[in-house]
Enquirer: 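Below is a structure I'd like to ask you about.
Reminder, nothing fancy here: chain letters follow the sequence lines and each chain counts from 1.
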Amino acid sequence: MAIFGQILLWIGFLGGSLACVSRLENKDDKWSTIPWGIYAAGAAVGIVGVVLIRIDKSQKSQASADSESDFETVRDSLQIVAQRIVELDEKLDEMTCEDVLEYIDEQCVPPCADFADGRHVLVNRFGTSVFAAVMTEFASGERYMNRAWSASADGYVDEVEKSVRYARTFFDAAVAELTKANQPQT
Amino acid sequence: MRAGPSIKHMHGDYPEFTWVAILVGWAIGIVLTISVAYASLMLGFSIEGSELAAILGWGILRGVLRRTSIVENNINQTIASAVNGASSGIMFSVPALLILSQQERFSELADINQPLLILAAITGCIVGLCFVIPLRKQMIDFDRLAYPGGIAVATILKSPGAGVRKAVLLLGGVGIAAVCQLCVLRFMGSDHDWPAGEAFGLPPMLNIVFYISIMTVGVGYLSGKGGFWFGAGGFFCYFVLSPILSQFAGADVASLTNEPETMRGTLYRPTGIGMLIGAALGGIAAALPMILSALGSLRGASDRSGGDVAKKDELPIWLLYLMIFIGSLMMLWIAWSVAGGELSVARAVLMTLLGVGWIWVAGVIVAECIGRTNWSPLSGMTLIAVTLLIFAIKDGTDTITTIKVSMIVGAAVCLAISQASDIMLDLKSGYLIGGVPRRQQIAQFIGTWIGPLIVVWLMFLLHQANIESGGIGLGSEALPAPQAQALAATIEGIVTGDVPAYRYTAGAGMGLLLAVSGLGGIGVLVGLGFYMPFSIVLTYTFGNLLRVLSDATAGKRFGYDVGVPIAAGLIVGEALVNVGNAVYQIFFTG
């Protein structure tokens, strides 16, 4: 259904776009420059395509089994980055600023990128409000992780400790939001 | 923490929002603004200030003042680029009034109330910022738009800690871009287009012309596959629509397909402007639940896990709403005052509502376009603003008042849109280096009011000096102001009713269709593909393809570690050469 919807959408868009650019301006009656009948037909076909795409999307998000593995990848990435930030916080006393830079680059950035790449699974599965709640915490966590990196590069050790602590709080909150949303409804 | 071999430990607060950052930001911003405003007036193109401000800040803060804070330099570049945001906004719009005034029937337009113009510009800047700041969460935290320029700035800011390898890659990119751009300027002059299609004997309608700019390749690389639909919009015009029209359209349009630039100016560009508007409105409607969630999380920041930290990270939303309200009242008063009693209060209210409403819509469009492609349809959005404003009042007053009020409020809208895109780019850099958004937002307000003062002063100074030396002022051979000349010609057309509103409307319907399709963001990107010259689209798409290929063959990690610093260097290198070239052209050539 999605493919058929896509085909109709693009046929409709092609028809409508052709109507938009098929004539030079009619100086006597400018609004008659556009062949509105053809334009409306194109738009109507496109709208049918959009409806089919949306129905298909809605059916897929209800039958969420097909996105289970994607969801697990996203959830695992978030848990990995949260866990690694906890480890960073606990090992901070023994680390140098150079170690922190390397740890964030090597251990934390890749799972953050994986989570961010797959984040739209959360919209399909839980809706926009859960997505917003998780992403708000995740983004704050990632920003404080980036701040810890900058402070390490500049040697401000108190700020490194503070930023890692904040990042830990936010990433933990993101995991908690996701866990809460994923619990079976009673 | 243990002491390491190379990074010296420091204790205490991490310098971020400091007096040094503010003063250096103002100083760099003023120098940049004068240079860029003058270049905009003489050459008709603008230069993005953020990268230059970051590099200059790097040199002054680290090299001269021996300060060592990445986030402090970020505040410096935020302030400097906020000051510079007024350069092109004013120089592309307001001189149109002075150019029109050279015609006898419009001579009264020369009588511009300068304090009101400055006040309108500053009000526009503030309203634009207040509208777009609450969208940070949506566009940067949730949608994670690329903002290639923001990545380039962050790469510069982070270079002290990124290690020798990344610094070498960044500098390598700068060097490659500098050499390439010098070659382009030496061998191609100001025309950067290479007609590859013509060289290979391909039909002219396909418009295979490459914009020779390695910066554009870098921007495409940083956008990655997220910018694909931008290219698709351009290809759709010249590879699908033009061939069909050449066969099935009337003789006039069929013959026009062999003149792709005329085709773009007459048909594709107005349709693209309409698409951008329709897609933006549809996108706002489609993303409304997410926008509301983002606003909700801003309002409920103190209830979140981080409590006080989260609350202190953002400016309070009530303050932004209050500033929009006060700004709107100010705009109303300015419109009424500029008209000098020639405009009814009802018309002034209508004009203000349209102007302020358009700031929000156009701010969203431009912030999204910059976020996905690094290109801003600023001139198209300003054109729509001026058109809307003229239509709102033209039946209620005379032509002179109509043009004067519309242009001054239109300039305010133009600056608002310009500031909206600038702050989003800066906030992206801030996100990547861990800056506190609230501090950056305050920094932007601290910088934004200075630009209009400087640029308006500079504009009238140059105009007057030229007249006193026997010239006609702005628009003369010595001060060509090419963008403002184009706007002046367009305004004349609008006043006489020569506006392709029918094509804007039809394009808006198509943009709306794509926006509600559920394929995130494609309406705006396809519309931008219609709007922009295809030469830029082609070169940009080449950058997209390079990223896709490098991700597929060398892995995403290679892209982040190697590709991004080189691409950022390409942007910086070409920008530096362009500034040098502008200085050379202004001071060393006839």
Enquirer: Mind checking the CD-CG spacing from Glu25(A) to Asp252(B)? Nearest 0.5 Å is all I need.
Expert: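 It comes to 12.0 Å.
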Enquirer: What's the separation between atom CG in Leu18(A) and atom CE in Met510(B), rounded to the nearest 0.5 Å?
Expert: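 CE of Met510(B) is found 10.5 Å from CG of Leu18(A).
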Enquirer: Is any side-chain heavy atom of Ile433(B) less than 4.5 Å from a side-chain heavy atom of Trp149(A)?
Expert: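 Not touching, per the 4.5 Å side-chain cut-off.
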Enquirer: Measuring only between side-chain heavy atoms, which start at C-beta, is Val240(B) closer than 4.5 Å to Leu14(A)?
Expert: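 Val240(B) reaches Leu14(A) side chain to side chain.
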Enquirer: Sort Glu72(B) into side chain, backbone, both or neither according to what part of it lies under 4.5 angstrom from a heavy atom of chain A.
Expert: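 Neither part, no heavy atoms under 4.5 Å.
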Enquirer: Indicate yes or no: at least one non-hydrogen side-chain atom of Glu159(A) is less than 4.5 angstrom from one of Met10(B).
Expert: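 Answer no - side chains too far apart.
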Enquirer: Using a cut-off of under 4.5 Å on heavy-atom pairs, state which of Val160(A), Val109(A), Ile34(A) scores highest against chain B.
Expert: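 Looking at each option in turn, the highest pair count goes to Ile34(A).
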Enquirer: In terms of heavy-atom proximity below 4.5 Å to chain A, should Thr68(B) be classed as side chain, backbone, both, or neither?
Expert: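 Answer is both: backbone and side chain atoms of Thr68(B) are under 4.5 Å from chain A.
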Enquirer: Please report the interatomic distance SG(Cys20(A)) to OH(Tyr504(B)), rounded to the nearest 0.5 Å.
Expert: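 With rounding to 0.5 Å, SG (Cys20(A)) is 13.5 Å from OH (Tyr504(B)).
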Enquirer: Heavy-atom distance under 4.5 Å to chain A: side chain of Ala501(B), backbone, both or neither?
Expert: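 Both backbone and side chain of Ala501(B) come within 4.5 Å of chain A.
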Enquirer: Classify the angle between the aromatic ring planes of Tyr502(B) and Trp31(A) as parallel (below 30°), tilted (30 to 60°) or perpendicular (above 60°).
Expert: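 Perpendicular: the ring planes of Tyr502(B) and Trp31(A) meet at over 60°.
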Enquirer: Looking only at heavy atoms and a cut-off of under 4.5 Å, which of Leu512(B), Thr266(B), Leu513(B), Thr505(B) has the most pairs with chain A?
Expert: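 The residue among Leu512(B), Thr266(B), Leu513(B), Thr505(B) with the greatest pair count is Leu513(B).
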Enquirer: Which bit of Arg62(B) comes within less than 4.5 Å of chain A, counting heavy atoms only: side chain, backbone, both or neither?
Expert: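 Just its side chain gets close to chain A.
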Enquirer: So which of Ala151(A), Gly5(A), Ala133(A), Ser32(A) has the biggest tally of heavy-atom pairs under 4.5 Å with chain B?
Expert: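 Answer, by heavy-atom pair count under 4.5 Å with chain B: Ala151(A).
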Enquirer: Counting only non-hydrogen atoms closer than 4.5 Å, does Leu24(A) touch chain B with its backbone (N, CA, C, O), its side chain (CB onward), both, or neither?
Expert: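 Answer is both: backbone and side chain atoms of Leu24(A) are under 4.5 Å from chain B.
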Enquirer: Looking only at heavy atoms, what is the nearest atom pair of Lys137(B) and Thr136(A), with distance?
Expert: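 Of all heavy-atom pairs spanning Lys137(B) and Thr136(A), the closest is NZ-CG2, 3.4 Å.
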Enquirer: Taking everything shown except Glu87(A) itself, do over 12 heavy atoms lie less than 6.0 Å from its CD?
Expert: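 More than 12 heavy atoms, drawn from other residues, nucleotides or ligands, come within 6.0 Å of this atom.
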Enquirer: Determine whether a donor-acceptor pair (N or O, by modelled atom type, separation under 3.5 Å) exists between the side chain of Asp141(B) and the backbone of Ala139(A).
Expert: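 No, Asp141(B) side chain to Ala139(A) backbone: no donor-acceptor pair under 3.5 Å.
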Enquirer: Side chain from CB out, backbone as N, CA, C, O: work out which of these in Gln6(A) comes under 4.5 Å of a heavy atom of chain B, or both, or neither.
Expert: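 When you check distances to chain B, only side chain atoms of Gln6(A) fall under 4.5 Å.
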Enquirer: Do Trp10(A) and Leu514(B) have side-chain heavy atoms sitting under 4.5 Å apart?
Expert: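 They are in contact (side-chain heavy atoms under 4.5 Å apart), so the answer is yes.
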Enquirer: Does a salt bridge link Asp313(B) with Arg143(A), judged by any charged N lying under 4.0 Å from a carboxylate O?
Expert: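 Counted as a salt bridge, because a side-chain N and a carboxylate O are separated by less than 4.0 Å.
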Enquirer: Looking only at heavy atoms and a cut-off of under 4.5 Å, which of Pro15(B), Gly274(B), Cys237(B) has the most pairs with chain A?
Expert: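 Of the options given, most contacts go to Pro15(B).
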Enquirer: Around atom CG of Asp13(B), are there more than 12 heavy atoms from other residues, nucleotides or ligands closer than 6.0 Å?
Expert: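 Atom CG in Asp13(B) is not crowded, with 12 or fewer foreign heavy atoms closer than 6.0 Å.
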Enquirer: Could you check whether any side-chain heavy atom of Met275(B) comes within less than 4.5 Å of a side-chain heavy atom of Ser17(A), counting everything from C-beta outward?
Expert: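 Yes, close enough: below the 4.5 Å cut-off.
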Enquirer: Looking at every non-hydrogen atom in both residues, tell me the closest pair between Cys97(A) and Ile7(B) and how far apart they are.
Expert: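 Closest approach of Cys97(A) to Ile7(B), heavy atoms only: CB-CD1, 3.8 Å.
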Enquirer: Can you classify the ring geometry of Phe236(B) versus Phe13(A) as parallel (below 30°), tilted (30 to 60°) or perpendicular (above 60°)?
Expert: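 Because their plane-to-plane angle lies in the 30° to 60° range, the rings of Phe236(B) and Phe13(A) count as tilted.
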Enquirer: List the residues meeting side-chain hydrogen bond (donor to acceptor under 3.5 Å, both in side chains) with Thr96(A), not counting sequence neighbours, and say none if there are none.
Expert: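 Only Glu98(A), Asp99(A) meet the side-chain hydrogen bond (donor to acceptor under 3.5 Å, both in side chains) criterion with Thr96(A).
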Enquirer: Could you tell me which portion of Ile244(B) (side chain, backbone, both or neither) has an atom closer than 4.5 angstrom to a non-hydrogen atom of chain A?
Expert: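 Only the side chain of Ile244(B) comes within 4.5 Å of chain A.
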Enquirer: Identify which of Gly430(B), Gly250(B), Ser6(B), Ala249(B) forms the greatest number of heavy-atom pairs closer than 4.5 Å to chain A.
Expert: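 If we count pairs closer than 4.5 Å to chain A, Ser6(B) comes out on top.
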Enquirer: Has the side chain of Arg147(A) got a donor or acceptor atom that lies under 3.5 Å from a matching backbone atom of Val71(B)?
Expert: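 The answer is no, because no donor-acceptor pair under 3.5 Å joins these two groups.
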Enquirer: So which residues of residues 38-48 of chain A are in contact with chain B at a heavy-atom cut-off of under 4.5 Å?
Expert: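 Heavy-atom contacts from residues 38-48 of chain A to chain B are Tyr39(A), Ala43(A), Gly46(A), Ile47(A).
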Enquirer: So, for Arg503(B) and Thr33(A), which heavy atoms are closest and what is the spacing to 0.1 Å?
Expert: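 Nearest heavy atoms, Arg503(B) then Thr33(A): NH2-CG2, 3.9 Å.
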Enquirer: Answer with side chain, backbone, both or neither: which region of Pro270(B) has an atom nearer than 4.5 Å to a non-hydrogen atom of chain A?
Expert: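 Answer is neither: Pro270(B) stays 4.5 Å or more from chain A.
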Enquirer: Is it the side chain or the backbone of Ser69(B) that comes within 4.5 Å of chain A heavy atoms, both, or neither?
Expert: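 Contact with chain A: backbone and side chain both.
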Enquirer: Could I get the full list of side-chain hydrogen bond (donor to acceptor under 3.5 Å, both in side chains) partners for Asp89(A), not counting sequence neighbours?
Expert: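 Listed in chain order: Arg168(A).
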Enquirer: Which one wins on heavy-atom pair count under 4.5 Å against chain B: Asp93(A), Val50(A), Val157(A), Val51(A)?
Expert: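 Of the options given, most contacts go to Val157(A).
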Enquirer: Considering only heavy atoms and a distance below 4.5 Å, find which of Ala254(B), Gly509(B), Gly435(B) pairs most often with chain A.
Expert: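 The answer is Gly435(B).
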Enquirer: Please identify, among Met135(A), Arg23(A), Glu142(A), the residue contributing the most non-hydrogen atom pairs under 4.5 Å to chain B.
Expert: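 The residue among Met135(A), Arg23(A), Glu142(A) with the greatest pair count is Glu142(A).
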Enquirer: In terms of heavy-atom pairs under 4.5 Å with chain B, which of Leu9(A), Asp172(A), Val134(A) leads?
Expert: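 Most heavy-atom pairs within the cutoff with chain B belong to Leu9(A).
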Enquirer: Where does Val436(B) contact chain A at under 4.5 Å (heavy atoms): side chain, backbone, both or neither?
Expert: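 Both backbone and side chain.
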Enquirer: What part of Asp117(A) gets within 4.5 angstrom of chain B, counting heavy atoms only: side chain, backbone, both, or neither?
Expert: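 Just its side chain gets close to chain B.
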Enquirer: Leu256(B) versus chain A, heavy atoms under 4.5 Å apart: side chain, backbone, both or neither?
Expert: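 Answer is side chain: those atoms of Leu256(B) sit under 4.5 Å from chain A.
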Enquirer: So for Glu106(A), is it side chain, backbone, both, or neither that comes closer than 4.5 Å to the heavy atoms of chain B?
Expert: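 Contact with chain B: backbone and side chain both.
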Enquirer: For chain A, which of Gly507(B), Pro500(B), Pro437(B) has the most heavy-atom pairs under 4.5 Å?
Expert: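 Of the options given, most contacts go to Pro437(B).
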Enquirer: Can you tell me how far the CD1 atom of Ile70(B) sits from the CG atom of Asp154(A), to the nearest 0.5 Å?
Expert: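 Reported value, rounded in 0.5 Å steps: 4.5 Å.
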Enquirer: Is the closest side-chain heavy-atom distance between Val21(A) and Thr271(B) below 4.5 Å?
Expert: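 In short, these two side chains touch, coming nearer than 4.5 Å.
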Enquirer: Going by ring-ring contact (aromatic ring centres under 6.0 Å, His included), name the residues that satisfy it together with Tyr14(B), two or more places apart in sequence or in a different chain.
Expert: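 Checked Tyr14(B) against ring-ring contact (aromatic ring centres under 6.0 Å, His included); matches are Tyr156(A).
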